[in-house]
Number of protein chains: 2
Amino acid sequence: MASDAAHQTMPPAQQLGDDDVVELIELLYFAYRDFTSDPDALLAEFGFGRAHHRVVHFVGRNTGISVAELLDVLKITKQSLARVLRELVERGFVEQRTGDADRRKRLLHLTDEGRKLHQRLMAPQMARVREAIAHAGADSGPVMQQLLYGLVNAQDRDQVERIVTS
Amino acid sequence: MASDAAHQTMPPAQQLGDDDVVELIELLYFAYRDFTSDPDALLAEFGFGRAHHRVVHFVGRNTGISVAELLDVLKITKQSLARVLRELVERGFVEQRTGDADRRKRLLHLTDEGRKLHQRLMAPQMARVREAIAHAGADSGPVMQQLLYGLVNAQDRDQVERIVTS
DNA sequence: CAAAATATGTCAATATAGCTGACATAAACT
DNA sequence: AGTTTATGTCAGCTATATTGACATATTTTG
């Protein structure tokens, strides 16, 4: 991509050794493991799993999202989504409303209960991210943002940006 | 261009808004998803999964590790490890050597083939981490390290540090 | 030395979260 | 009217994890 042509704009500066990079790879594994542990514990109380979490989250963040759009964000099959979505609807966390303009569409919304669950799932992760940023220096937020974008597949960055910037 | 995807700049640090933190949470999800995609594809060629990856990785990084130690690092049950380990041994990627001092122990080593696989699994992740660091500024490596430590459960940080600093 | 603890392995049953393929229905578009 | 789109559903498969029970070899301890 054209973005990689800019290698000469930044001087190589301080080169990271292989050992440092491997340490970062392992840290990413442990960090992600713990990052997901709080929601996992809460979800278990409801008999839910990570799949439910992702649906609650992205429906919560994109009120009125269609099933197809949700599948595109989650990159899973509709058969995989079906079970999870049915459980969330049956238990009153998610609501399906027939589309107004296009009545084939089932637009997804969180119920009040769903919003409450969403908040409870996010709270510990927000605290954890804030703690990490405090740990790395108060100005490390934008660096974290850049780092994470850089880890995303280059060809997906634009889509991801559209998704995450509400 | 793609490299400009993240240029919706955040307020000059110190106080991150909730929206910024939520964005980081979502980015962490997408970043980790893509971070694991290259190894996943390679593993699939061998009929292996992430479980095999983790075993190859931690055995490769801790030559002579015992089964119990490996279980402690991975935090899975021995029954879960058994199948994966058996497959890796049968197909010649991992070797079990009876402990010298304690002959109950099975000390785990990578074979030459195992080391080759380990390198092939790490290569794309190392490239991705280096790219992310370049994307976030050449001096962002140490910040990334601090951020990731900060995401780990506080009570586990010492153990994680022991594991990742070879 | 006998007994207990440890390190590992194995069998069986279960859960979850994903997958592919095939087919069905309603609504919209051409 | 016929085709495409959006969604749902049935059936069967895989991978990865779990718990519980039990087996074996070896080391440690009383």
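On a predicted model such as this, the values are computed, not experimentally measured, just so you know. What's counted below: heavy atoms across the whole structure, side chains too, no hydrogens, waters or symmetry copies. To find a chain, count down the sequence lines: A is the first, B the second, and so on, and within it residues start at 1.
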Please report the distance, rounded to the nearest Å, between CG in B:Leu108 and C1' in C:dA7. 12 Å
Are B:Asp18 and A:Met122 side-chain neighbours, meaning at least one heavy-atom pair lies under 4.5 Å? no
Please work out whether the ring planes of A:Phe58 and B:Tyr29 are parallel, tilted or perpendicular, with thresholds of 30° and 60°. tilted
For residues A:Gln159 and A:Asp72, is any side-chain donor paired with an opposing acceptor at under 3.5 Å? yes
Annotated structure of DNA chain C as dot-bracket, pair cut-off 3.5 Å, Watson-Crick or G-U only, | for inter-strand, is ||||||||||||||||||||||||||||||
Write down the distance between CZ (B:Arg103) and P (D:dT28), rounded to a whole number of angstrom. 11 Å
Less than 4.5 Å apart, any side-chain heavy atom of B:Asn153 and any of B:Arg157? no
When the distance from CG of A:Asp100 to P of D:dA6 is rounded to whole Å, what number comes out? 17 Å
Please round to the nearest 0.5 Å and tell me the distance separating atom CG of B:Asp40 and atom CZ of B:Arg50. 4.0 Å
Taking B:Val55 as the fixed residue, which of B:Ile76, B:Leu110, B:Leu70, B:Leu108 is the one that meets the side chain to side chain contact (heavy atoms under 4.5 Å, CB included) rule? B:Leu70
So, B:Gln96 versus B:His109: side-chain donor-acceptor pair below 3.5 Å or not? no
What is the separation between atom CZ on B:Arg106 and atom P on C:dA7, rounded to the nearest whole Å? 13 Å
B:Glu87 has an atom CD; how far is it from atom C1' of D:dT14, in whole Å? 12 Å
Would you please say whether a donor-acceptor pair under 3.5 Å links the side chains of A:Arg106 and A:Ser66? no
Separation of C:dA7 atom P from B:Arg104 atom CZ, nearest Å, is 6 Å
Expressed in angstrom and rounded to an integer, what is the separation of A:Asp102 atom CG from D:dT7 atom C1'? 11 Å
Distance, rounded to the nearest Å, where A:Leu107 contributes CG and D:dT7 contributes C1': 12 Å
Ring-ring centroid check B:Phe93 B:Phe48, cutoff 6.0 Å: yes
Contacting residues from residues 43-82 of chain B, given that a heavy atom lies under 4.0 angstrom of DNA chain D: B:Gly49, B:Arg50, B:Ala51, B:His52, B:Arg54, B:Lys75, B:Ile76, B:Thr77, B:Gln79, B:Ser80
